[in-house]
J.: 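Just dropping this structure here.
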Amino acid sequence: MNKSVPVIAVDGPSGVGKGTLCQALANHFKWHLLDSGAIYRVLALSALKQDIALDDAYKLEQLALTLPLTFDTQGYDVKVLLNQVDVTKEIRTEQTGGAASKVAAINSVRVALLQRQRDFKQAPGLVADGRDMGSVVFSDAPVKIFLDASAHSRAERRMKQLQDKQNNVKFAEILQEITARDERDRHRAVAPLKPAIDALIIDTTSLFIQDVFNQSIKYINEKLAL
Ligand code: DC
């Protein structure tokens with residue numbers, strides 16, 4: 001791992017707009033992108049497929065250490081492959097998100113996935129998207145941004161995303177799922193979702209993505225003296 005490679009760590013709860021911001025920042029700087037949530041999602045999906053209980057710390061740790069996961073960045077959109085099979089769409093369901101949040105609460109699983117995430121730190125730079133990028137995985141990152149927003153507005157955004165793909169989406173169910181996931185992610189014993197002390201906090205509740213992007217770019221330019 002090259003210490004001089006800059007990292008922009010972006011954390012926050014689900015549905016807050018991290019993915020969109022990180023993709024835009026990675027495109028802007030032409031840096032690498034780490035979607036750490038996708039790693040937890042693939043682990044959870046793999047466990048579900050193999051009937052491994054989502055609280056079986058030992059088996060999940062073994063799975064995390066050997067997870068045959070690759071990101072295919074050849075095309076326009078990044079593809080997520082498990083055992084060479086494209087699971088990009090499958091990992092985006094609410095069910096897998098909920099399962100990911102459960103396996104992510106296990107300390108040995110988080111430790112097993114640390115190096116895999118740190119390996120993404122490659123020149124010329126990395127934009128890292130997650131829950132503990134600034135607080136744990138890249139705690140020495142020169143730029144840390146924490147996005148937050150009300151659960152209601154995050155559920156509304158999530159609802160719009162899902163409606164594009166499927167019918168019959170119920171707002172109350174999405175809000176409940178988001179609230180339950182938040183509860184677990186914010187209150188778990190290890191690496192709970194919380195801003196690093198030196199993070200810039202942006203409340204995106206009433207902001208457009210362009211405003212969030214502009215605010216972030218201004219901050220990053222100041223911090224990295226670009
Ligand atoms: O960002 P996401 O919704 O794809 O993440 C799915 C789950 O994975 C999330 O509910 C908590 C967990 N996660 C985590 O614990 N740490 C990370 N750095 C990223 C995700």
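Counting starts at 1 for both ligands and their atoms, following the listed order. Position 1 is the first residue of the sequence, and the numbers go up from there.
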J.: Which atom names give the shortest non-hydrogen contact between V190 and A105, and what distance separates them?
T.: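 Reported closest heavy-atom pair: CG2-O, 3.5 Å.
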
J.: Ligand 1: which residues have a non-hydrogen atom closer than 4.0 Å?
T.: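 Within 4.0 Å of ligand 1, the protein residues are K18, S36, G37, Y40, R41, R92, A100, S101, A104, R110, G130, R131, D132, M133, R181, D185, R188.
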
J.: Distance only, no hydrogens: is a donor on one side chain within 3.5 Å (strictly under) of an acceptor on the other, for Q115 and R118?
T.: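 Checked: Q115/R118 side chains show no N/O donor-acceptor pair below 3.5 Å.
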
J.: Between Q215 and D211, is any side-chain donor less than 3.5 angstrom from a side-chain acceptor?
T.: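 The criterion, which ignores hydrogens and geometry beyond distance, is not satisfied for D211 and Q215.
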
J.: Have S101 and R131 got a donor and an acceptor in their side chains that come within less than 3.5 Å?
T.: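 Checked: S101/R131 side chains show no N/O donor-acceptor pair below 3.5 Å.
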
J.: Is any side-chain heavy atom of I202 closer than 4.5 Å to one of D148?
T.: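 Answer no - side chains too far apart.
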
J.: Looking only at heavy atoms, which two atoms of R186 and P13 are closest? And how far apart?
T.: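 Smallest heavy-atom distance, with atoms named: NH2-CG, 3.6 Å.
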
